[in-house]
Amino acid sequence: MDATIGWWDDFFWAGLEVIQVFFVAMVGTVALGLMGAAAKLSKSRTAQKIASGYTIFFRGTPEILVLFIIYYGSAITLTSIFQFFDPTIKFVDIPPFWAGSFGISLIVGAYATETFRGAFLGVDPGLIEASRALGISNLKTFFYVRVPEMWRLALPPFGNHMLSVIKDTALISIIGLDELLFVAEQGMGATAKPFPFFFAVGGIYLAFSTVITLTAMMLEKRANRHLEGSR
Amino acid sequence: MSIDIALTLESIPKMLMGIGVTFQLLFITLGLGTALAIVLLLMRISGRWYLSVPSMVYIYVFRGTPILVQVFIIYHGLPGLEFVRESIFWPILRDPFGCAVVALTLNTGAYVSEILRGGVLGVERGLLEAGSALGLSVRQRFIYITTPIAVRLATPAYSNDVISLMKSTALVSTITVVDMTGIARTIVAETYAPYEIFLSLAIVYLIITWGIQKSFGAFERRMSRHVKQETAA
Amino acid sequence: MTDAIIQLQGVDKFFGNFQALRDINLEVQKGEKIVVCGPSGSGKSTMIRCINRLEEHSAGKIIVDGHELTDEVKDIDAVRREVGMVFQSFNLFPHRTIIDNLMLAPRLVRKTSKAEAREHAMRLLERVRIPEQADKYPVQLSGGQQQRVAIARALCMNPEIMLFDEPTSALDPEMINEVLEVMTDLAHEGMTMICVTHEMGFARSVADRVVFMDQGEIVEMNPPAEFFDNPKNDRTKLFLSQIIQH
């Protein structure tokens with residue numbers, strides 16, 4: 001284990017990278033998930049088709065391939081655009097951080113679309129009817145009745161989405177992001193002692209996923225607290 | 001920027017040469033992984049702490065860490081340990097394909113185990129009580145009541161896991177296994193045409209996914225023929 | 001020393017801190033029909049579920065057909081072979097046909113041969129008047145039919161005692177009678193029965209004794225005429241006034 005001493009500050013910054021990717025990708029995931037769900041639930045055939053295509057593509061394609069397409073594809077495109085203006089430019093890319101975060105958002109967002117859609121449909125129609133029958137407007141019903149129910153229903157799968165995001169971060173090391181796995185590979189190269197490094201990386205990721213799981217459990221408990229004590 | 005159709009068309013057959021590796025990986029890992037999952041499940045629900053705790057820890061670790069990290073530990077990490085190099089497993093672990101099988105099996109075993117457990121938990125308590133009231137033993141209840149119902153309940157989640165596993169096979173290209181993704185990366189490195197190559201490869205994967213979903217859909221329909229279908233609200 | 005086929009002596013049952021049964025004392029003779037009624041939460045289901053050890057009693061003694069119910073698996077198994085149970089939610093095995101539902105326990109527990117089990121099962125299906133449904137799946141039958149199958153399934157084990165836990169509570173009104181008829185026939189044939197039910201008409205015509213439970217205790221117990229026309233305890237009077245309105 002002492003092989004890794006000296007690398008701990010690298011691990012620290014790499015860990016920070018992972019956390020940053022997590023938050024950025026979560027924002028993207030939720031945004032895309034809500035948009036996708038809205039599209040699928042809308043009356044517009046076109047919107048439904050586009051959303052369908054989106055979820056089918058990103059749930060059926062290997063994550064690493066998605067990252068390759070976004071990163072290398074955008075690099076080639078940007079490079080040729082920039083070379084048009086300045087032929088001496090060799091290589092332009094989107095920083096792996098953004099390519100990776102965007103890629104993860106697209107992928108997990110496709111799963112989130114299904115989750116949010118399911119949560120929306122899972123709300124007991126009786127509750128909505130009761131609210132409308134009381135004279136509460138459509139908009140208020142949406143925010144005060146439907147959304148809280150949706151949140152409660154979406155939490156369990158949403159917790160899994162959060163776990164997916166943090167684990168997929170390791171894939172971004174392949175396209176060059178200096179996150180944990182990347183650092184571990186460098187450490188392995190430098191010390192020729194791979195095991196402690198990868199073990200440490202595993203441990204740190206496990207710590208992250210534990211935090212996420214505990215947070216999800218707490219949120220679920222809180223969201224369901226009005227249901228406790230039923231016989 | 002134009003799309004080079006010719007390049008796409010001649011690359012697809014090259015990439016498809018890797019499909020054998022992809023499928024081999026998929027089926028071997030699925031078989032071994034499901035077997036492992038059943039063992040883990042039985043340990044987990046056995047009620048004996050010295051069986052259920054190791055099982056829970058195993059599942060927790062393998063579901064809580066990125067699969068790529070697990071692949072790297074097995075491929076890069078293990079050879080660094082003396083006792084691994086001298087063990088009987090060395091011939092398997094020295095070979096990238098072998099490492100891939102081991103890593104994916106260990107990983108999918110954990111996920112499938114939880115899926116099966118979800119199926120087991122979903123069996124209505126009343127049915128088990130009826131079995132118990134009729135005098136069936138614990139073992140008999142598990143075999144004749146729990147298992148058939150749990151399998152039916154777990155099938156949708158299981159099919160999703162098979163698809164995930166199929167997607168994970170693409171990761172083995174990072175440890176030099178020559179599957180479809182590995183071949184694609186080589187071609188892109190030479191031709192600088194990521195869109196043509198990677199997008200067409202994505203379509204190949206989508207077709208495989210579609211095939212898997214259709215097969216499971218047919219299987220699910222068959223298993224549910226005697227179950228009340230919920231009509232769409 | 002009595003030869004009562006079921007004896008409950010000083011039985012208590014706790015779920016955590018909640019006491020579901022308080023000092024239950026009950027003796028049931030062979031061939032007796034007992035109807036148990038009471039408000040929800042009174043412990044009536046808990047009590048009969050203790051008799052076939054679906055629940056474990058916390059204190060006191062339960063003796064069924066000579067076997068005392070303890071943690072001894074041998075005794076529990078012996079009791080379950082002799083005691084049949086019918087549940088409110090039928091609990092038919094959805095993945096097996098009707099006849100398979102009936103044949104499963106005899107073949108596994110009594111090691112009956114397939115042919116014998118099938119013959120016995122068909123006879124019972126005729127007894128509950130639905131032999132033609134033998135090869136269908138539970139989901140294809142109505143509630144009333146499913147419950148009659150459930151009764152037949154319990155009878156397939158040739159029990160000495162039949163326990164009914166609110167057998168008609170989950171049924172649509174028009175199907176209640178077909179099940180009560182089967183239960184009445186069973187009663188006339190001499191089966192020892194304990195029924196938790198709200199069907200007071202059934203209680204009046206079939207029961208030897210009616211037991212009223214409230215908050216975990218047996219409050220009053222009498223033959224039906226006495227019980228309905230001359231309730232002694234105030235709580236019994238209150239309960240009767242609440243249910244016999246419609």
Side-chain angles (χ1 to χ4, degrees), chain A residues 3 56-77 79-81 107 111 121-122 124-125 160 163-164 166-171 173-174 180-181 184-185 188-189 191-199 201-210 212-213, chain B residues 1 22 60-81 84 160 163-174 179-181 184-185 188-189 191-213 232-233:
Chain A
I56 292 177
F57 183 83
F58 285 99
R59 295 198 307 171
T61 307
E63 295 85 353
I64 195 153
L65 195 52
V66 170
L67 291 181
F68 285 162
I69 293 176
I70 293 179
Y71 179 67
Y72 291 118
S74 63
I76 294 287
T77 311
T79 309
S80 45
I81 293 178
I107 296 167
Y111 288 98
L121 293 174
D124 185 351
N160 279 330
L163 284 177
S164 297
I166 199 124
K167 289 188 288 180
D168 285 347
T169 311
L171 297 174
S173 66
I174 306 285
L180 293 167
L181 200 54
E185 286 180 274
M188 162 180 86
T191 66
K193 285 206 176 87
F195 201 74
F197 284 93
F198 289 122
F199 208 68
V201 168
I204 300 177
Y205 269 114
L206 195 58
F208 284 152
S209 60
T210 306
I212 292 179
T213 308
Chain B
M1 197 197 72
T22 300
Y60 181 67
V61 167
F62 274 90
R63 281 176 21 121
T65 49
I67 185 172
L68 192 59
V69 172
Q70 294 162 15
V71 168
F72 277 16
I73 289 183
I74 293 184
Y75 180 70
H76 293 295
L78 289 185
L81 301 172
V84 168
N160 279 335
I163 292 175
S164 282
L165 183 59
M166 203 267 311
K167 295 196 291 178
S168 302
T169 59
L171 291 175
V172 306
S173 60
T174 61
D179 73 323
M180 295 194 291
T181 308
R185 289 177 80 181
V188 169
T191 64
Y192 293 94
Y195 289 118
E196 288 88 336
I197 310 296
F198 286 140
L199 279 174
S200 50
L201 181 59
I203 297 187
V204 173
Y205 276 110
L206 284 174
I207 295 177
I208 300 177
T209 304
W210 180 84
I212 296 178
Q213 279 175 328

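All chains are named by letter (A, B, ...) in the order of the sequence lines, taking the proteins before the strands, and each is independently numbered beginning at 1. In this text, all values refer to a predicted model and were calculated from it rather than measured experimentally.
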Using non-hydrogen atoms only, which part of A:Leu171 is less than 4.5 Å away from chain B: side chain, backbone, both, or neither?
both
For chain A, which of B:Ile67, B:Leu199, B:Ile197 has the most heavy-atom pairs under 4.5 Å?
B:Leu199
Counting heavy-atom pairs under 4.5 Å with chain A, which one of B:Asn160, B:Ile163, B:Ile73, B:Thr209 comes out on top?
B:Ile73
Atom CD of B:Glu196 and atom CD1 of A:Ile76: how far apart are they, to the nearest 0.5 Å?
9.5 Å
A:Ile56 and B:Leu206: which non-hydrogen atoms are nearest, and at how many Å?
O-CD2, 3.3 Å
Looking only at heavy atoms, the pair that brings B:Val69 and A:Ala170 closest together is CG2-CB, 4.3 Å
With a 4.5 angstrom heavy-atom cut-off, could you sort out which part of A:Leu181 is near chain B: side chain, backbone, both or neither?
side chain
Give me the ring orientation class for A:Phe198 and B:His76: parallel if the planes are under 30° apart, tilted from 30 to 60°, perpendicular past 60°.
parallel
With B:Tyr60 via side chain to side chain donor-acceptor pair (under 3.5 Å) - residues at least two apart
A:Thr210
When rounded to the nearest 0.5 Å, the distance separating CG of B:Leu68 from CD1 of A:Ile174 is 5.0 Å
Which heavy atom in A:Tyr111 sits nearest to a heavy atom in B:Lys167, and how many Å separate them?
OH-NZ, 2.9 Å
Is chain A contacted by the side chain of B:Leu201, its backbone, both, or neither, given a heavy-atom distance below 4.5 Å?
both
Between CD1 on residue B:Ile203 and CZ on residue A:Phe57, distance to nearest 0.5 Å
7.5 Å
Donor-acceptor pairs are to be reported for all side-chain atoms of residues 65-75 of chain A against protein atoms at under 3.5 Å, with residues two or more places apart or in another chain.
| residue | atom | partner | partner atom | Å |
| --- | --- | --- | --- | --- |
| A:Tyr71 | OH | A:Asp93 | OD2 | 2.6 |
| A:Ser74 | OG | A:Ile70 | O | 2.6 |
| A:Ser74 | OG | A:Tyr71 | O | 3.0 |

Shortest non-hydrogen contact from B:Pro66 toward A:Lys167
CB-O, 3.4 Å
Max heavy-atom pair count under 4.5 Å with chain A, selected residue of B:Met166, B:Arg185, B:Gln70:
B:Arg185
